[in-house]
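Below is one structure, written out as structure tokens; the observations come after it.
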Amino acid sequence: MTSTERGGGAWIGLLALAHGVTAAAAPLAQSERENALKAEFVERFTQFVEWPAEALGGPDAPFALCLLGTHPVRPFLEALARDRRIKNRPAVFRAIDNRAAFAGCHLVFIAQGQSLGSVQPAMLTISDSAAVPEAHIHLYRTGNKLRFAIAADAAKQCGLQISSRLMKLAEAP
Amino acid sequence: MVGWRCAYLIGFVTVLFGSPARADEANLDKRRTFSELSLEELLNVPVEVPTQSPRSLRETPGVVTIITRDELLASGARDLIDALHLVPGFAFAVDVQGQVSVGFRGNWGEEGKVLVLLDGQEINETLYLTITFGNHIPIDHIQRIEIMRGPGSVIYGGYAELAVINIITRTAQDLDGASISGTYGQMDRVLGRRSLSLAAGHTFESLDGLGVSVAGLVGEGRRSDLEYQDLFGNAYTLASAKTDPMLFNVGTTYRGLDLRFIFDRYRTTARDAFDESLPKAVRHDFIGYYSEARYRLALTDALTLTPKLSYKRQLPWRVTNLTAGEPVFYDKTSERLLGGLTLCYDPTDWVDLMLGVEAANNRAWLNDIEHVDVGLQRRIGGEIEHSFQSLAVFTQALINHSLANLSLGLRYENNSRFGDALLPRVGITRAWERFHAKVLFSTAFKAPGHENYSLNPNLRPEMATTYELESGYRVNDVLYLGANVFDITIRDPIIFFFDDTGGETYVNFERTGSRGVEGEVKLKHKWGRANARYSFYTARDKNEVDSYAVPGKRDVVRAFPAHTATLDASVPIIAGLSFNPSIVYLSARYGTRVGPEGTAVVGSEAPITLLNGFLLYENLWVDGLDLGAGVHNALDAELRYVQPHDSDHPPLPGPTREYLVRLTYTYDFN
């Protein structure tokens with residue numbers, strides 16, 4: 001084997017090793033990408049919404065991030081709650097399958113086909129389905145980008161304050 | 001959309017990371033993870049991306065390094081020297097009068113070869129074309145640094161012969177609040193540095209999006225706490241060698257109008273002069289006033305016209321002490337008034353065109369005419385006032401094709417004293433799913449500055465040619481491998497040296513340059529990030545400048561290590577707390593040393609390893625309160641800056657082990 005062949009083989013081997021070592025973080029498939037983006041939007045929204053202080057509890061009380069129904073955004077919301085802080089406090093994720101389990105949720109992502117049933121105080125609702133009219137923030141896709149619309153009055157009625165900066169970025173579909 | 005490529009052609013890669021309204025969608029995707037993007041930037045991220053995106057750093061026609069604000073602050077970088085030590089190719093050396101400046105790929109960059117931009121303003125001074133480093137530009141103001149490791153002359157002109165360092169401070173949108181930051185560094189025997197920095201910015205939506213940002217810094221520092229000895233036996237501690245920055249920076253944006261004003265006063269005290277030291281340390285001021293107005297007018301969806309007007313006035317190397325400082329007495333001003341017009345045309349997704357013209361009037365004069373011929377206060381070209389004009393026309397085309405992307409650039413430059421030059425640039429890039437390659441060819445032209453001409457009216461302009469090849473492999477979403485090779489030839493290089501008969505002078509030599517290789521491994525995982533970099537140059541068969549040469553060693557030139565290796569990492573410990581170590585290795589460097597009986601001999605500085613560690617705690621106790629603490633040069637290695645030309649200046653000591661604390665409070669208006 002020539003030195004060139006040995007060098008080339010070593011280089012290929014090194015790349016293979018590197019690939020194997022780091023294979024756990026393969027690039028996202030397209031549908032995963034969209035849901036990863038949606039989860040990021042959810043996290044950013046919390047930066048521009050104010051909850052009543054009594055709703056959030058003490059500084060170490062966790063922020064409850066909930067998912068109502070089945071939705072592929074779930075693993076990304078779970079990761080969000082696991083790896084980051086929301087409203088400068090730890091976050092917890094809860095999957096809920098009925099309205100009775102809402103208690104304590106600060107933010108609820110509502111999957112298609114689900115419904116809150118009634119207005120819940122101090123609870124921000126987000127959905128990517130037009131069939132969930134009670135969502136305060138509606139995430140939708142236009143072309144190849146994500147946009148969002150805000151039902152500000154409904155959010156205000158729940159005791160939530162939405163920043164004017166967020167309102168400026170919102171677009172009606 | 002008149003977007004990223006046009007703005008790249010105007011202002012480097014600023015658009016890739018600037019206003020979200022100009023941010024390129026695929027570049028946002030590729031350069032950072034989603035978690036690092038603002039809400040405005042997320043709105044520009046495409047939900048679906050094609051296999052080959054034509055818009056990424058992998059296809060940018062240049063070898064580019066980006067340093068983000070997060071990386072700067074986490075590393076605990078004290079100044080640009082710390083930041084650039086981690087970028088392949090850069091090294092630092094001493095010039096004269098205690099000033100430290102930059103070399104790149106084994107080439108001395110002090111005299112107009114490495115362009116430094118601060119918010120688009122060229123801060124290289126236009127008398128000697130120099131740029132000074134060491135506790136100068138405030139790290140806390142910086143949003144990011146974009147570095148083109150290679151020539152940028154086609155767009156930027158003569159100072160960008162080797163590289164372009166584009167420092168971008170926080171805009172009104174980046175700040176949207178106010179921040180105050182205090183830094184304190186202590187070497188073993190003397191203060192390292194201390195500074196106070198303030199910044200505020202806001203976008204007034206009620207005033208149609210008017211954005212205003214203001215930032216200021218005042219500080220003081222010390223070059224070293226070690227002793228320096230010149231060839232004449234004068235030995236003294238550098239504890240009195242100060243590096244005191246003061247900077248004020250205001251930016252305003254309103255629709256397409258950008259206004260900028262910067263005041264920069266970098267004050268050093270130095271006792272080392274040229275060969276023999278002064279009787280005591282003398283104050284040197286480097287003062288600059290920079291202003292610019294620029295307006296981006298979208299004529300159509302595809303056509304943008306950007307006129308600009310800029311004015312800068314500089315008082316560099318200013319020594320007004322007529323007693324202790326008489327040998328280096330210097331009090332002159334240079335100014336440049338520049339008008340420019342750039343037209344960008346993006347008719348389709350696969351071609352972008354740009355045409356620009358710039359005209360400048362460069363003037364310099366003696367402020368103090370009572371002391372003409374005292375020290376360095378010579379007439380400029382025999383005159384109290386000296387001027388020349390320059391005109392440049394440049395064009396660039398970016399063509400995207402399935403086979404490859406082609407970048408073609410051409411600059412015509414005319415200098416009223418030194419004639420004209422035509423500078424072509426060609427770049428071919430191609431990116432596949434994981435692999436990319438670039439082939440780059442550039443030329444550069446540097447006319448002598450006022451003082452270069454004054455010291456030798458027979459100087460010829462420099463011409464440089466650079467070839468680069470780059471390739472990179474993205475193993476997956478967390479691991480990237482990259483490497484590039486380069487070949488630089490500088491013809492008629494304008495070389496400074498101080499001889500012991502006539503003083504300072506400049507001469508043209510036949511040729512200098514270097515060739516070499518740079519490589520990097522970048523790893524980013526949820527447990528942290530790490531980067532390893534290596535650079536190598538050789539001057540064999542390139543350098544013909546005697547003043548740069550090392551006797552018996554044709555592969556290296558004075559001052560610059562042939563091998564540089566760095567390793568830096570950032571490891572989150574708990575939420576908000578990260579540990580950020582870095583290691584910088586410099587191989588042996590050669591230059592003038594004090595020999596037997598005070599003779600000048602060429603000796604070596606032993607290889608040196610700088611070990612640094614910095615802890616950063618963000619949002620400590622309250623939102624917006626960040627505390628950082630660490631140590632630079634933990635092994636207390638004796639870093640000395642070697643002089644890259646044969647001008648009888650022994651190595652100048654740099655900072656020893658320094659303990660650093662930085663406290664920042666940021667108040668968010670939202």
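In what follows, chains carry the letters A, B, and so on, assigned in the order in which the sequence lines appear, proteins first and then strands, with residues in each chain numbered from 1.
With a 4.5 Å cut-off on side-chain heavy atoms, B:V45 and A:R33 count as touching. In this structure the side chain of A:R44 reaches within 4.5 angstrom of the side chain of B:L42, judged on heavy atoms. With contacts defined as side-chain heavy-atom distances shorter than 4.5 Å, the pair A:N88/B:V622 does not qualify.
Summarising the geometry, atom CZ belonging to B:F669 is positioned 12.0 Å from atom CZ belonging to A:R165; distances are rounded to the nearest 0.5 Å. To the nearest 0.5 Å, atom CD of residue B:E40 and atom CG of residue A:L169 are 5.0 Å apart.
Contact detail for B:S35 and A:E40: the closest heavy-atom pair is CA-OE1, 3.6 Å.
Within 6.0 Å of CG in A:D153 there are 12 or fewer heavy atoms belonging to other residues, nucleotides or ligands. The environment of B:Y667 atom OH is sparse: at most 12 non-hydrogen atoms of other residues, nucleotides or ligands sit within 6.0 angstrom. Counted within 6.0 Å of CH2 on B:W527, heavy atoms from surrounding residues, nucleotides or ligands total more than 12; the atom is thus considered enclosed.
Proximity to chain B is absent for every atom of A:K38, based on heavy atoms less than 4.5 angstrom apart. Neither the backbone nor the side chain of A:L80 comes within contact range of chain B, judged by heavy atoms closer than 4.5 Å.
With A:R147 contributing its side chain and B:L43 its backbone, the two residues share a donor-acceptor pair below 3.5 Å.
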